[in-house]
Amino acid sequence: MASPYWIRKLINLTFGQRYRLSQMTKVAGLGRLIEWALFEDDDIMILPQDRVVPVNQTLPDPENIVAPSQVVDHFIRSTSHIWRMDFCICRESSGCEDYPLDLGCLFLGQAAMGINPRFGRPVSRNEALEHAARCRDAGLVHLIGRNKLDTVWLNVGPKENLLTICNCCPCCCLWRILPDLAPRIETKVTRMPGVRVSVTERCVGCGTCTTDVCFVDAIQLNHARAEISDRCRGCGRCVTTCPNGAIELKVDHSAFVQAAIDRITGAVDVS
């Protein structure tokens with residue numbers, strides 16, 4: 001049975017407590033229980049924005065360059081079960097004023113057909129592709145993968161038949177909780193295979209990239225220079241934000257899109 005409509009209002013009211021809940025995952029025993037209830041078998045990947053992927057020597061055959069968004073497009077084309085949410089629960093709960101509230105998640109797979117019809121509706125592949133493109137045009141970042149939390153609040157399953165495609169802003173995304181989670185849960189959300197972000201010598205230490213840009217707090221100033229930690233998930237927002245072009249995103253191998261597709265396919269069946 002799908003979750004009742006009031007669950008949406010409950011999340012709106014309690015969303016502000018997510019950081020407190022995240023801290024509880026570090027408590028022995030209790031943290032394991034929370035992990036089992038909400039994050040068991042999760043495998044979620046953050047995709048960089050297309051516009052920050054370089055067409056250079058790191059990717060041979062530039063005429064056939066692939067973009068991170070092709071991971072999303074692949075799965076949309078691979079399933080006949082697509083559900084589009086009419087709202088983003090994170091932005092709605094946070095009262096976001098900078099990004100559209102109506103650009104909600106896409107859910108793929110047979111389990112998606114059990115979602116409460118008051119939350120959205122089934123859509124065609126073309127409608128889903130257009131929705132994903134609108135999200136990218138709005139500056140949102142895709143997160144894609146197996147996310148048990150969605151099967152819990154939507155009350156659908158089985159979890160291996162629900163693929164989540166989130167469209168996240170830097171200010172309201174649920175996964176801003178990553179720095180507060182126990183490491184064993186935090187590492188379930190990763191960067192795209194082969195993606196690497198680095199600061200170049202052009203950095204002047206202006207600090208633009210450290211304010212409301214990285215939603216996992218992976219970039220800080222150290223001795224008047226931006227420094228990126230291992231917490232970086234490779235979304236590329238800092239690349240587009242830097243006024244001096246001092247931050248670069250590179251891809252270590254040309255098969256990075258196929259590597260991402262293969263990993264997600266191993267975690268979720270949307271056929």
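Looking at Arg184, its side chain never comes within 3.5 Å of a backbone N or O of Glu35 through a donor-acceptor pair. Using modelled atom types, one side-chain atom of Asn167 and one backbone atom of Gly104 make a donor-acceptor pair closer than 3.5 Å. Under a 3.5 Å cut-off, the side chain of Asp42 and the backbone N or O of Lys148 do form a donor-acceptor pair. Formation of a donor-acceptor pair under 3.5 Å by the Thr79 side chain with backbone atoms of His81 is found in this model. Looking only at distances, no side-chain donor or acceptor of Arg225 sits under 3.5 Å from a matching main-chain atom of Cys203. Judged purely by atom type and a 3.5 angstrom limit, Asp50 uses its side chain to pair as donor or acceptor with the backbone of Ser69. A donor-acceptor pair under 3.5 Å is formed between the side chain of Arg176 and the backbone N or O of Pro170. Between the side chain of Thr200 and the backbone N or O of Arg202, at least one donor-acceptor pair lies under 3.5 Å. Listed for the Thr25 side chain is a donor-acceptor partner under 3.5 Å among the backbone atoms of Ala182. Side-chain atoms of Arg233 come within 3.5 Å of backbone N or O of Arg231 as a donor-acceptor pair.
A side-chain donor from one of Gln258 and Asp262 sits under 3.5 Å from a side-chain acceptor of the other. With hydrogens and angles left out, the side-chain atoms of Arg263 and Thr190 include a donor and acceptor closer than 3.5 Å.
Counting only heavy atoms from C-beta outward, the side chains of Arg121 and Pro117 never approach each other to under 4.5 Å. Side chains of Arg125 and Ile76 form a contact here, defined as non-hydrogen atoms less than 4.5 Å apart. At a threshold of 4.5 Å between non-hydrogen side-chain atoms, the residues Leu249 and Val195 count as touching. A heavy-atom distance below 4.5 Å is not found between the side chains of Trp153 and Ser3. Residues Arg91 and Leu140 are in side-chain contact: their nearest non-hydrogen atoms beyond the backbone lie under 4.5 Å apart. Contact check for Arg134 versus Asp102: side-chain heavy atoms found under the 4.5 Å cut-off. Between Arg77 and Leu129, some side-chain heavy-atom pair lies under the 4.5 Å cut-off. Proximity of Arg8 to Glu92: side-chain heavy atoms (C-beta onward) are separated by under 4.5 Å at one or more points.
Using a 4.5 Å cut-off between side-chain heavy atoms of Ile, Leu, Val, Met, Phe, Trp and Tyr, with links allowed through other members, Ile228 and Val213 fall into different hydrophobic clusters. Residues Tyr19 and Leu181 fall within the same hydrophobic cluster, defined by Ile, Leu, Val, Met, Phe, Trp and Tyr side chains chained together at heavy-atom separations under 4.5 Å. Side-chain heavy atoms closer than 4.5 Å link hydrophobic residues (I, L, V, M, F, W, Y) into clusters, and following such links, even through other members, never connects Ile264 to Leu162. Met45 and Val197 fall within a single hydrophobic cluster, where Ile, Leu, Val, Met, Phe, Trp and Tyr are joined by side-chain heavy atoms under 4.5 Å apart, directly or via other members. In terms of hydrophobic clustering, with Ile, Leu, Val, Met, Phe, Trp and Tyr side chains grouped at heavy-atom distances under 4.5 Å, Val268 and Met192 are assigned to a common cluster.
Ionic pairing of Asp41 and Arg146 is present here: one or more N-O contacts between side-chain nitrogen and carboxylate oxygen are shorter than 4.0 angstrom. Salt bridge status for Arg84 with Glu127: absent, with no side-chain N to carboxylate O gap under 4.0 Å.
Rounded to the nearest 0.5 Å, atoms CG (Leu47) and CZ (Phe256) are 9.5 Å apart. Distance check: Ile11 CD1 to Leu174 CG gives 9.5 Å after rounding to the nearest 0.5 Å. Atom CG of Asn126 is separated from atom CD1 of Ile82 by 9.0 Å, given to the nearest 0.5 angstrom. In this structure, Asn161 CG and Thr151 OG1 are separated by 11.0 Å, a value rounded to the nearest 0.5 Å. The line from CD1 of Ile185 to CG of Leu38 is 8.5 Å long, rounded to the nearest 0.5 Å. Rounded to the nearest 0.5 Å, atoms SG (Cys242) and CD1 (Ile219) are 8.0 Å apart.
The local environment of CD in Glu160 is crowded, with over 12 non-hydrogen atoms from other residues, nucleotides or ligands closer than 6.0 Å.
Of all non-hydrogen atoms in Trp83 and Ala112, the two that sit nearest each other are CE3-O, 3.8 Å. The two residues Gly207 and Leu221 make their nearest non-hydrogen contact at CA-CD1, 3.9 Å. The shortest heavy-atom contact between Arg18 and Cys172 is NH2-O, 4.3 Å. Nearest heavy-atom pair across Ala2 and Gly114 is CB-O, 3.0 Å. The shortest non-hydrogen separation linking Val216 to Trp175 is CG1-O, 4.0 Å. Across every non-hydrogen atom of Ala111 and Val156, the tightest pair is O-CB, 3.5 Å.
Classified by interplanar angle (parallel below 30°, tilted 30° to 60°, perpendicular above 60°), the ring pair Phe119/Phe87 is perpendicular.
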Practice task
Any chance you could lay out the side chain to side chain contact (heavy atoms under 4.5 Å, CB included) test for Glu227 and Val199, step after step, and finish with the verdict?
Solution key: CA-CA 7 Å; Glu227 187 174 272; Val199 180; over 6 Å; no

Exercise for the section: Please lay out, stage by stage, how Asp212 and Cys171 fare under the test side chain to side chain contact (heavy atoms under 4.5 Å, CB included). Expected result: CA-CA 7 Å; Asp212 298 326; Cys171 44; over 6 Å; no

Problem - Step-by-step side chain to side chain contact (heavy atoms under 4.5 Å, CB included) determination, Asn12 to Ile89 - result: CA-CA 7 Å; Asn12 291 161; Ile89 192 69; 3.7 Å; yes

Practice task
Please test Lys26 against Glu186 for salt bridge (Lys or Arg N to Asp or Glu O under 4.0 Å), starting from the C-alpha separation and ending with a verdict.
Solution key: CA-CA 11 Å; Lys26 298 177 181 179; Glu186 179 189 1; over 6 Å; no

Problem - Verdict with supporting geometry, Phe215 and Arg237, side chain to side chain contact (heavy atoms under 4.5 Å, CB included) - result: CA-CA 9 Å; Phe215 59 82; Arg237 280 198 176 99; 2.9 Å; yes

